[in-house]
Colleague: 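Handing you a structure now.
Predicted, not measured: the structure shown is a model, and the values here were computed from it. Note on naming: letters A, B, ... go to the chains in the order of the sequence lines (proteins, then strands), and numbering restarts at 1 for each one.
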Number of protein chains: 2
Amino acid sequence: MIARQDVQQADVPAICKSCEARQDGLCGAFNARQLTELARASSRHEVLAGAELPNDGTYSNLLSGVVKLTRNLSDGRQQIVGFHFAPDFLGRPFEAKRPIRAEALTNVALCSFPKAIIDRMANEMPELGRLLLKHALNELDEARDWMAALGRKTASEKVASFLLMVARNTDPAHSPANPISFDLPLTRTDIADFLGLTIETVSRELSRLRSDGTIRIVNKRQISLASIARLEERCGD
Amino acid sequence: MIARQDVQQADVPAICKSCEARQDGLCGAFNARQLTELARASSRHEVLAGAELPNDGTYSNLLSGVVKLTRNLSDGRQQIVGFHFAPDFLGRPFEAKRPIRAEALTNVALCSFPKAIIDRMANEMPELGRLLLKHALNELDEARDWMAALGRKTASEKVASFLLMVARNTDPAHSPANPISFDLPLTRTDIADFLGLTIETVSRELSRLRSDGTIRIVNKRQISLASIARLEERCGD
DNA sequence: GACTCGCCTTGATCGAGATCAAGGTTTTGC
DNA sequence: GCAAAACCTTGATCTCGATCAAGGCGAGTC
């Protein structure tokens with residue numbers, strides 16, 4: 001699912017076809033004239049797996065890959081507070097001072113827009129402001145769902161919920177009844193830091209799900225689910 | 001601090017002086033003509049402690065009181081995913097279908113604006129859209145701070161962080177070195193549901209903080225802190 | 001091949017916080 | 001005022017997930 005070859009063929013200029021075609025991303029809101037202007041100002045670039053994304057106030061469409069957002073306590077304890085899967089939209093226009101870092105989990109391709117241009121266009125076009133707001137509220141809803149998981153779910157419910165989330169982001173249109181298979185773009189350490197568990201507990205819970213037939217672990221990173229419905233029974237909500 | 005008498009004297013009409021005076025609320029963004037129009041459309045009302053706030057798409061300034069946002073798992077486990085303290089701004093224009101309920105913890109006074117009017121004004125005035133976005137991003141940052149607490153802090157760090165948050169919202173300008181005292185607007189059950197703990201653990205941690213002199217528990221609901229700095233040492237970040 | 005290094009799994013034991021239980025205090029209602 | 005109910009505290013015990021420990025697997029390197 002994390003299509004590495006997308007990152008290789010990265011010679012699409014300026015505002016890329018993938019942006020224009022995408023309903024979900026920022027570009028859906030613009031008219032043809034604005035898209036032409038954006039094309040001149042935007043830039044496409046790659047970030048390698050493991051590298052930190054710059055927090056420079058630019059807005060970006062995430063064209064391929066997976067990004068994690070982490071927040072650290074002073075003694076090094078780490079919590080992952082969110083993920084971005086392609087084709088999400090990334091942007092933090094205000095208050096970028098919080099101790100939250102964005103890091104590429106896989107190789108990542110971005111189409112970035114300078115803050116100044118987007119801000120000016122948002123002034124001309126209220127529709128764009130509403131789109132940005134809608135994105136922020138979706139992220140807020142997701143954050144609150146995970147708060148409930150972190151505070152009140154058991155370890156096995158957390159792992160089941162996590163697998164469901166990855167499956168849905170990997171293949172959103174998939175039927176709940178059919179088997180589905182995907183690459184986990186995270187190490188066990190990342191999963192643990194997301195779920196507020198240790199790597200040992202994550203590993204044990206995955207083994208338990210494997211031994212009762214809910215999942216198959218092909219490759220450490222490659223998981224296949226017997227059915228989404230089967231996991232939904234175990235995720236606590 | 002939760003000024004109950006404010007709720008009693010609730011005969012301010014339409015768009016209230018408290019709204020206009022408030023930097024933080026929605027009204028800061030409007031010009032005089034728009035404020036006059038809003039005055040006709042807005043309504044002030046009260047919600048009693050314990051009652052649920054309607055999720056009807058209206059936007060509101062929270063004039064006094066405290067509101068909790070809760071999310072429940074299917075078997076009744078509850079997680080509090082956020083608070084609103086006066087003078088916060090409340091609003092969920094999109095995707096109100098998530099299983100999140102807003103409930104008044106104290107008596108609450110609201111100044112509400114119909115969604116249709118705000119939406120139209122947001123179209124006329126990009127500044128308003130940016131204000132709404134800024135509020136949503138602040139809430140997102142807070143949610144992520146609490147994700148880190150839920151996932152990675154110990155019980156005593158959670159309780160210390162919680163007391164700090166209430167203290168800061170109660171008297172944001174207070175010096176970190178001086179003592180401060182405030183009403184806890186929550187039961188032990190609410191605190192536990194916010195921190196992902198049980199009421200017994202919350203009670204024990206409060207007792208521990210009392211016995212080592214960090215806090216004084218006057219009245220079950222009335223807490224006084226020796227100093228904010230003292231608590232900050234214990235909150236883990 | 002064999003060595004190393006990073007990552008994962010599994011087992012044994014421990015401990016923070018949950019659960020169970022009893023009693024205290026504050027509020028409410030008569 | 002008293003009784004009942006709601007809420008809070010404290011103690012005893014248990015359990016889930018953390019910690020400690022050992023070894024496996026796979027990729028890269030020599």
Colleague: In whole Å, I'd like the distance from the CG atom of A:Leu209 to the C1' atom of C:dT9.
Modeller: 15 Å

Colleague: Rounding to an integer number of Å, can you tell me how far A:Leu206 CG sits from C:dT9 P?
Modeller: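 These atoms are roughly 7 Å apart.
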
Colleague: Is any side-chain nitrogen or oxygen of A:Ser207 closer than 4.0 Å to OP1 or OP2 of C:dT10?
Modeller: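 True: A:Ser207 side-chain N/O within range (under 4.0 Å) of C:dT10 OP1/OP2.
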
Colleague: Polar-atom pairs under 3.5 Å, protein N or O versus N or O of nucleotides 27-29 of chain C: list them with distances, or write none.
Modeller:
none

Colleague: Do A:Gln79 and B:Trp146 pass the side chain to side chain contact (heavy atoms under 4.5 Å, CB included) test, and can you show the C-alpha distance, the side-chain angles, and the key distance before you say yes or no?
Modeller: CA-CA 10 Å; A:Gln79 177 68 43; B:Trp146 284 109; over 6 Å; no

Colleague: Which part of the nucleic acid, if any, lies within reach of B:Arg210 when heavy atoms closer than 4.0 Å are counted: base, sugar-phosphate only, or nothing?
Modeller: sugar-phosphate

Colleague: Rounding to an integer number of Å, can you tell me how far A:Ile199 CD1 sits from D:dG17 C1'?
Modeller: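 Spelled out: CD1 on A:Ile199 to C1' on D:dG17 is 14 Å.
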
Colleague: Angle between ring planes, A:Phe83 versus A:Phe162, binned at 30° and 60°: parallel, tilted or perpendicular?
Modeller: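 If you compare the ring of A:Phe83 with that of A:Phe162, the planes turn out tilted.
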
Colleague: Show your reasoning for whether side-chain hydrogen bond (donor to acceptor under 3.5 Å, both in side chains) applies to B:Glu103 and B:Thr70.
Modeller: CA-CA 8 Å; B:Glu103 186 179 317; B:Thr70 59; 5.5 Å; no

Colleague: For nucleotides 18-23 of chain D, just jot down a letter per nucleotide in 5' to 3' order: B, S or -, based on protein non-hydrogen atoms under 4.0 Å.
Modeller: SBB---

Colleague: Where do A:Arg234 and A:Asp212 land on the salt bridge (charged side-chain N to carboxylate O under 4.0 Å, His left out) test, with the steps shown first?
Modeller: CA-CA 12 Å; A:Arg234 294 163 189 262; A:Asp212 63 32; 3.3 Å; yes

Colleague: Does B:Asp193 pair with B:Arg77 as a salt bridge, N-O distance under 4.0 Å?
Modeller: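 Salt bridge absent between B:Asp193 and B:Arg77.
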
Colleague: Roughly how many Å is it from CZ in A:Arg188 to C1' in D:dC25, rounded to a whole number?
Modeller: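 One finds 13 Å between C1' of D:dC25 and CZ of A:Arg188, rounded.
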
Colleague: In Å and rounded to the nearest 0.5 Å, what is the NZ to CD distance from B:Lys158 to B:Glu205?
Modeller: 10.5 Å

Colleague: To the nearest angstrom, how far is B:Arg221 atom CZ from D:dT9 atom P?
Modeller: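 Roughly 11 Å, once rounded to whole Å.
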
Colleague: Is any side-chain N of the basic residue among B:Arg144 and A:Glu139 closer than 4.0 Å to the acidic one's carboxylate O?
Modeller: yes

Colleague: To the nearest Å, how far apart are A:Gln222 CD and C:dC8 C1'?
Modeller: 17 Å

Colleague: What is the separation between atom CD1 on A:Ile217 and atom P on D:dG26, rounded to the nearest whole Å?
Modeller: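 So the CD1-P distance, A:Ile217 to D:dG26, works out to 13 Å.
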
Colleague: What's the closest nucleotide to the B:Ser203 side chain, out of D:dT9, D:dC8, C:dC8?
Modeller: D:dT9

Colleague: side-chain hydrogen bond (donor to acceptor under 3.5 Å, both in side chains) with A:Ser112: which of A:Ser42, A:Ser60, A:Ser43?
Modeller: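 In the set A:Ser42, A:Ser60, A:Ser43, the residue that makes a side-chain hydrogen bond (donor to acceptor under 3.5 Å, both in side chains) with A:Ser112 is A:Ser60.
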
Colleague: Indicate yes or no: does A:Arg168 engage A:Glu232 in a salt bridge with an N to O separation below 4.0 Å.
Modeller: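 Looking at A:Arg168 and A:Glu232, the cut-off is met.
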
Colleague: Check DNA chain C against residues 153-161 of chain B and give the residues with a non-hydrogen atom under 4.0 Å, in numerical order.
Modeller: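 Of all residues in residues 153-161 of chain B, the ones placing a heavy atom under 4.0 Å from DNA chain C are B:Thr154, B:Ala155.
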
Colleague: If I take atom CD in residue A:Glu205 and atom C1' in nucleotide C:dG11, what distance separates them, rounded to the nearest angstrom?
Modeller: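 Taking atom C1' of C:dG11 as the reference, CD of A:Glu205 is at 15 Å.
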
Colleague: Do the ring planes of B:Phe89 and B:His135 sit parallel (below 30°), tilted (30 to 60°) or perpendicular (above 60°)?
Modeller: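 Rings of B:Phe89 and B:His135: tilted, as their planes differ by 30° to 60°.
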
Colleague: How far apart are the C-alpha atoms of A:Arg44 and A:Leu63, what are their side-chain angles, what is the distance that settles it, and do they pass the side chain to side chain contact (heavy atoms under 4.5 Å, CB included) test?
Modeller: CA-CA 9 Å; A:Arg44 172 154 174 166; A:Leu63 303 178; 3.4 Å; yes

